[in-house]
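Everything on this sheet refers to the single structure shown next.
Throughout, residue positions are numbered sequentially from 1 according to the sequence presented.
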Amino acid sequence: MTIETAALSEVIPFVDLAGVLGNAILGGVAARTARLDIVGFVVLAVMSGLGGGMIRDTLLQQGTPLALIDPTYLLFAVIGGVIAFFVAFNGRWSRRALLLVDVLAVGCWSAVGAQKALDGGLGWMPAIMLGIITAVGGGMVRDIMLLKVPTIFGGNTLYATSAVLASTEMVVFSKLGLVAVGTAVAILSAAALSLLARRYGWVLPLSDARRIPRPILWLNPQIWQARRAQARRTGRAQGSKKDL
């Protein structure tokens, strides 16, 4: 193991835990917006900070999820929820700090998820998928619990795209035997893309609702019957007017 690899191996756990704490706080911020109580804060914090990794470990079927084995992860998530309950995080610099931690965590979690999938014997495509799930799964669970469409499905500033980029880079570098380099590149490139997207408002194109074809009425009997009933009512009304 080289000095650079050893140093990176020591840095990754700190970035990982910082990402758990930051995303747990973001879950608490979402709970404050929804006007939840302390229980809601903690639950959303845990799901936001640990949901992606728990989904990944469950899909890999290689034992109990890491978040349940190492109590440090769960402790950091709960602490994040409690902090968000007492601190509003409305300040400019506090939000910037959370944003920085969040974008660094995207690359870190993507790299870790992709590498775990490769270590488990999966191919490059499942590895990329699990890297993405690790990075964005917690936010998706949080939004679903709040009865919202997950933000990564549209209108956000390339959050999932950053995870795709980082996961792909990790798979490529890992295949070349450069795991440490791939992790560093994934973290930095995902963070850079996320920050640039936030700065310049880059988003993926949305579908045009006007291009969606209208459904064929006769395929839905209820719509067809409603249209016939409306036509009969209109015909009777016109006939009544003629009699007058």
Side-chain angles (χ1 to χ4, degrees), residues 12-59 65-91 94-113 116 130-164 166-167 187 190-191 194-195 197-198:
I12 287 178
F14 290 100
V15 177
D16 194 14
L17 288 174
V20 171
L21 180 63
N23 278 272
I25 293 175
L26 290 175
V29 171
R32 181 178 297 277
T33 303
R35 302 178 63 84
L36 304 183
D37 59 12
I38 183 64
V39 175
F41 272 74
V42 172
V43 170
L44 285 184
V46 171
M47 290 296 100
S48 182
L50 303 177
M54 293 177 68
I55 295 173
R56 175 203 65 212
D57 293 342
T58 301
L59 291 175
L66 178 61
L68 302 181
I69 297 176
D70 189 345
T72 307
Y73 285 89
L74 186 58
L75 178 62
F76 268 62
V78 173
I79 290 175
V82 174
I83 291 175
F85 183 79
F86 291 103
V87 181
F89 286 95
N90 292 326
S94 61
R95 288 192 173 274
R96 285 186 175 183
L98 285 178
L99 173 62
L100 180 60
V101 171
D102 187 29
V103 297
L104 289 174
V106 170
C108 179
W109 289 348
S110 299
V112 171
K116 279 196 171 185
L130 286 181
I132 298 169
I133 289 175
T134 306
V136 306
M140 290 180 60
V141 174
R142 177 197 64 213
D143 292 342
I144 291 173
M145 293 183 71
L146 291 174
L147 302 180
K148 294 167 52 181
V149 176
T151 54
I152 66 166
F153 289 165
N156 67 306
T157 51
L158 304 187
Y159 195 84
T161 305
S162 300
V164 173
S167 300
I187 294 174
S194 297
L195 291 175
R198 290 288 187 97

Would you call Leu146 and Leu36 a side-chain contact if the rule is heavy atoms closer than 4.5 Å? yes
Do Val106 and Ser110 have side chains that approach each other closer than 4.5 Å (heavy atoms only, starting at C-beta)? yes
To the nearest 0.5 Å, what is the distance between CG on Asp57 and CD1 on Ile133? 11.5 Å
Taking C-beta and beyond as the side chain, do Arg198 and Leu158 meet within less than 4.5 Å on heavy atoms? no
Short side-chain to backbone donor-acceptor contact, Arg56 and Gly131, under 3.5 Å: no
Measure across Phe89 and Val29 and return the closest heavy-atom pair with its distance rounded to 0.1 Å. CB-CG2, 4.5 Å
For Pro65 versus Thr58, what's the shortest heavy-atom pair and its separation? CG-OG1, 4.0 Å
Leu130 vs Lys116 side-chain heavy atoms within contact, under 4.5 Å: no
Less than 4.5 Å apart, side chain to side chain, heavy atoms only: is that true for Phe41 and Val82? no
Quick check for you: to the nearest 0.5 Å, what is the distance between Phe76 atom CZ and Ile25 atom CD1? 10.5 Å
Please round to the nearest 0.5 Å and tell me the distance separating atom CG of Leu17 and atom CG of Asp70. 7.5 Å
How about Asp143 and Thr151: do any of their side-chain heavy atoms sit closer than 4.5 Å? yes
Smallest heavy-atom separation, Ile152 atom then Ala160 atom, equals CB-CB, 4.1 Å
Flag, side chain of Asn23 to backbone of Leu26, donor-acceptor distance under 3.5 Å: no
Using only atom types and a distance under 3.5 Å, with no angle test, would you say the side chain of Arg142 pairs donor to acceptor with the backbone of Ala45? no
Kindly say whether Leu98 contributes a backbone atom to a donor-acceptor pair with the side chain of Asp102 at under 3.5 angstrom? no
Check: Leu50 and Leu68 side chains under 4.5 Å, non-hydrogen atoms: no
Give the minimum heavy-atom separation between Gly80 and Ala24, together with the two atoms involved. CA-CB, 4.0 Å
Any idea which heavy atoms bring Cys108 and Asp16 closest together, and the distance? SG-N, 4.1 Å
Heavy-atom closest pair, residues Ala88 and Arg32: CA-NE, 3.9 Å
